[in-house]
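These numbers come from the heavy atoms of this one structure, side chains and all, not from hydrogens, waters or symmetry mates.
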Amino acid sequence: MARFPSGVTIVTTADGDGRWWGFTATSFCSVSMDPPLVLVCLSRSARCHPVFECATHWLVHVIDPADAGLALRFASKGADKFADAGFTVDDRGLPALDRACVRLDCTTHARHPGGDHTILVGEVERAHLRPATPAVYYRRDFRSLA
């Protein structure tokens, strides 16, 4: 799969106590236009998995190549993922990265088992776009589109 280029996203939510959670997902795609659905895949071993199992709302951020280091931080375990990362609180209390190329505000539509991952399907309620070029992950490295 390393030879298949993919976009790079950071997915975020907040738990019932308002604590922020997030992960990096390169397994992200459009599912449907009507209704507008997207999916991301989350490892069942991720510390944030139990939170996303219960989350009703989450954000998908398509990142800029300049945020490759942030994507690596969100892919790691034990890091303080949100420290000095530039996230703000959206109107639902979720961590939003305003400098993302694209931000999709999602409501959970479905969850499906997928081997050692859970497939999270979200209905897109709002899309926030910036005129920026997204990062691409290919052969275990971040790339820029020419």
Side-chain angles (χ1 to χ4, degrees), residues 1-2 4-32 35-130 132-138 140-145:
M1 295 309 297
F4 181 74
S6 63
V8 184
T9 67
I10 294 174
V11 184
T12 61
T13 194
D15 64 20
D17 295 327
R19 185 172 174 204
W20 291 358
W21 296 86
F23 65 97
T24 296
T26 55
S27 296
F28 164 76
C29 70
S30 172
V31 175
S32 168
L37 302 175
V38 296
L39 72 75
V40 294
C41 297
L42 172 60
S43 173
R44 293 174 51 126
S45 67
R47 289 185 57 214
C48 64
H49 186 271
V51 175
F52 280 91
E53 273 287 301
C54 299
T56 57
H57 297 90
W58 32 278
L59 305 177
V60 177
H61 305 85
V62 177
I63 67 157
D64 183 283
D67 279 321
L70 189 59
L72 290 173
R73 184 190 314 176
F74 272 77
S76 67
K77 294 185 183 209
D80 185 356
K81 296 179 180 186
F82 294 96
D84 301 319
F87 284 84
T88 59
V89 180
D90 79 352
D91 60 343
R92 294 180 295 189
L94 304 181
L97 187 63
D98 294 333
R99 68 178 182 267
C101 298
V102 176
R103 187 180 86 220
L104 303 175
D105 300 6
C106 298
T107 298
T108 300
H109 179 79
R111 293 178 186 87
H112 303 285
D116 59 358
H117 281 63
T118 295
I119 302 164
L120 303 171
V121 181
E123 183 167 351
V124 178
E125 295 178 334
R126 290 179 290 198
H128 308 267
L129 309 173
R130 279 187 52 247
T133 304
V136 174
Y137 194 71
Y138 175 67
R140 295 182 173 79
D141 200 5
F142 294 92
R143 314 286 176 157
S144 296
L145 295 174

Run the side chain to side chain contact (heavy atoms under 4.5 Å, CB included) check on Val124 and Val38 step by step: do they pass? CA-CA 7 Å; Val124 178; Val38 296; 3.9 Å; yes
Test log, rule ring pair (Phe, Tyr, Trp, His ring centres under 6.0 Å), inputs Phe74 and Phe23: CA-CA 5 Å; Phe74 272 77; Phe23 65 97; 9.0 Å; no
With side chain to side chain contact (heavy atoms under 4.5 Å, CB included) as the test, would you mind laying out the steps for His112 and Val121 before giving the verdict? CA-CA 8 Å; His112 303 285; Val121 181; 3.9 Å; yes
Should Val136 and Val8 be marked as a side chain to side chain contact (heavy atoms under 4.5 Å, CB included) after you check the CA-CA gap, both sets of side-chain angles, and the distance that decides it? CA-CA 6 Å; Val136 174; Val8 184; over 6 Å; no
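Ala25 and Val11 make their closest contact through CB-CG2, 4.3 Å (heavy atoms, listed as atom of the first residue, atom of the second, distance). Nearest heavy-atom pair across Ile119 and Cys41 is CG1-SG, 4.0 Å. Nearest heavy-atom pair, Thr133 versus Pro65, reported as atom, atom and distance to 0.1 Å: O-CD, 3.1 Å. Closest approach of Gly122 and Cys106 over heavy atoms only: CA-CB, 4.2 Å.
Contact annotation: the side chain of Asp105 approaches that of His128 to within less than 4.5 Å [non-hydrogen atoms, C-beta and beyond]. By the 4.5 Å heavy-atom criterion applied to side chains, Trp20 and Thr13 are not counted as neighbours.
Looking at residues two or more places apart in sequence or on another chain, you find a side-chain hydrogen bond (donor to acceptor under 3.5 Å, both in side chains) between Trp21 and Asp15. The ring-ring contact (aromatic ring centres under 6.0 Å, His included) test applied to Phe28 returns no partner, not counting sequence neighbours. Ser45 meets the side-chain hydrogen bond (donor to acceptor under 3.5 Å, both in side chains) test with Ser43; sequence neighbours excluded.
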Using residues 47-60 as the side-chain source, report each donor-acceptor pair under 3.5 Å to any protein atom, sequence neighbours left out, with the distance given to one decimal.
residue: His49; atom: NE2; partner: Thr118; partner atom: OG1; Å: 2.7
residue: Trp58; atom: NE1; partner: Thr108; partner atom: OG1; Å: 2.8

Distance-only donor-acceptor pairs under 3.5 Å for side chains of residues 91-98, two or more places apart:
residue: Asp91; atom: OD1; partner: Arg126; partner atom: NH2; Å: 3.2
residue: Asp91; atom: OD2; partner: Arg126; partner atom: NH1; Å: 3.3
residue: Arg92; atom: NH1; partner: Glu125; partner atom: OE1; Å: 2.8
residue: Asp98; atom: OD1; partner: Arg103; partner atom: NH1; Å: 3.3
residue: Asp98; atom: OD2; partner: Thr88; partner atom: OG1; Å: 3.3

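Of the possible polar contacts, none joining the His61 side chain to the Ala100 backbone as a donor-acceptor pair under 3.5 Å is found.
Taken to the nearest 0.5 Å, the CG atom of Leu104 stands 9.5 Å off from the OG atom of Ser30.
Annotation: Arg130, atom CZ; neighbour count of heavy atoms from other residues, nucleotides and ligands within 6.0 Å is above 12.
Listed by first and then second residue, the salt bridge (charged side-chain N to carboxylate O under 4.0 Å, His left out) pairs that reach into residues 56-85 are Asp67-Arg99, sequence neighbours excluded.
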